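Let me begin by presenting the structure, written as structure tokens, before commenting on it.
A, B, ... follow the sequence lines: proteins, then strands. Residue 1 opens every chain. Everything numeric here is computed off the predicted structure, so don't read it as measured data.
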Number of protein chains: 2
Amino acid sequence: MLTVGEVAREAGASGSAIRFYERQGLITASRTSGNQRRFGPDAACRVRVARVAQRIGLSVGEIRDLLADLPPEPALTDWQRLHDRLTAEADRRIAELHAALGDIRSGRRLCDL
Amino acid sequence: MLTVGEVAREAGASGSAIRFYERQGLITASRTSGNQRRFGPDAACRVRVARVAQRIGLSVGEIRDLLADLPPEPALTDWQRLHDRLTAEADRRIAELHAALGDIRSGRRLCDL
DNA sequence: CTAAGACTTGAACAATTGTTGAAGTCAAGC
DNA sequence: GCTTGACTTCAACAATTGTTCAAGTCTTAG
């Protein structure tokens, strides 16, 4: 069982971020008799996935939904599904950026100047 | 002199967003005797630029800095500078997304699974 | 067992980007 | 000049994604 700090170090996040992710349901924790969180061995992995998903542009709510379909010990198909969803979202986001670039290039129509 | 609503319609933004952009210094306004805002003819254009810049991923603070260098009646070189900066930022963002995609593909190292 | 230092907790705060709503202003018609 | 309906104002609120800090917990050495 890992503490907040251990998960934070393993995942490359801050302790407060780990607590935030738990409140938001990205990871789950049991509690000690003194009310401290203890995480399973999958926690750091889930946080790493969450951070990549954030870089792609997903909100924590969307990431919660993504991770809801990921069991504690994911099978290959689980990883594949996750992978496909993240890739699709990244592709969408890249397309949107290219579209914005197009709108910039056609700037005369933005401002009739 | 344009009202908030007129600028909003011209720029495709909400009235509250226009007021927010004024507070943040993206656009400037004079006031009527009754304290209502009145905008110059360049306001809608600046807001359109701001919205594109937001799609690229710039914050309102960054956009303020961008627009600070844009005179009320921009010359070609002003547009070019703006264009170049936005394009560079979009390219950076696209590169970051590709990097994130790379990290997803090498997922085994994310989670040693 | 107890003291000490490291770690954790939850509430309060912060930045960002707006929206909402009660009260005030404007323009047009009578 | 007054009414009326559309528009505007500003403060308060909201969602998102965390950080900060005083107070409490854990572990290790003595």
In whole angstrom, give the distance that lies between atom [atom1] of [X] and atom [atom2] of [N].
{"X": "Ile63(A)", "N": "dT16(D)", "atom1": "CD1", "atom2": "P", "result": "12 Å"}
{"X": "Leu2(B)", "N": "dA27(C)", "atom1": "CG", "atom2": "P", "result": "13 Å"}
{"X": "Leu26(B)", "N": "dG18(C)", "atom1": "CG", "atom2": "C1'", "result": "13 Å"}
{"X": "Arg51(B)", "N": "dT17(C)", "atom1": "CZ", "atom2": "P", "result": "12 Å"}
{"X": "Ile27(B)", "N": "dG18(C)", "atom1": "CD1", "atom2": "P", "result": "12 Å"}
{"X": "Met1(A)", "N": "dT25(D)", "atom1": "CE", "atom2": "C1'", "result": "18 Å"}
{"X": "Arg23(A)", "N": "dA15(D)", "atom1": "CZ", "atom2": "P", "result": "15 Å"}
{"X": "Arg64(A)", "N": "dA15(D)", "atom1": "CZ", "atom2": "C1'", "result": "13 Å"}

So does [X] get a side-chain nitrogen or oxygen closer than 4.0 Å to the phosphate oxygens (OP1/OP2) of [N]?
{"X": "Thr32(B)", "N": "dT25(C)", "value": "no"}
{"X": "Asn35(B)", "N": "dC10(D)", "value": "yes"}
{"X": "Gln54(B)", "N": "dT16(C)", "value": "no"}
{"X": "Arg19(A)", "N": "dT9(C)", "value": "yes"}
{"X": "Ser59(B)", "N": "dT16(C)", "value": "no"}
{"X": "Ser14(A)", "N": "dG18(D)", "value": "no"}
{"X": "Ser16(B)", "N": "dT20(C)", "value": "no"}
{"X": "Tyr21(B)", "N": "dG18(C)", "value": "yes"}

Selected nucleotide, minimal atom distance to Thr3(A) side chain, candidates dT8(C), dT19(D), dT19(C):
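That would be dT8(C).
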Would you indicate which nucleotide in dC26(C), dC7(C), dT8(D) comes nearest to any side-chain atom of Val4(B)?
dT8(D)
Enter the distance from Thr32(A):OG1 to Gln36(A):CD here, rounded to the nearest 0.5 Å.
5.0 Å
Between atom CD1 of Ile18(A) and atom CZ of Phe39(A), what is the distance when rounded to the nearest 0.5 Å?
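Going from the CD1 atom of Ile18(A) to the CZ atom of Phe39(A) covers 6.5 Å.
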Do [X] and [Y] sit within salt-bridge range, that is, some charged N less than 4.0 Å from a carboxylate O?
{"X": "Arg81(A)", "Y": "Asp84(A)", "answer": "no"}
{"X": "Arg92(A)", "Y": "Glu89(A)", "answer": "yes"}
{"X": "Arg9(A)", "Y": "Glu6(A)", "answer": "no"}

Tyr21(B): which of Val47(B), Leu67(B), Ile63(B) passes side chain to side chain contact (heavy atoms under 4.5 Å, CB included)
Val47(B)
Using a 4.0 Å heavy-atom cut-off across all strands, classify Arg37(B) as base, sugar-phosphate, or nothing.
sugar-phosphate
Classify the nucleic acid contact of Arg31(A) as base, sugar-phosphate or nothing, counting any heavy atom under 4.0 Å across all strands shown.
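It contacts sugar-phosphate atoms only.
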Considering heavy-atom distances to DNA chain D, does Gln36(A) or Phe20(A) have its closest nucleotide positioned more toward the 5' end?
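It is Phe20(A), whose closest nucleotide lies nearer the 5' terminus.
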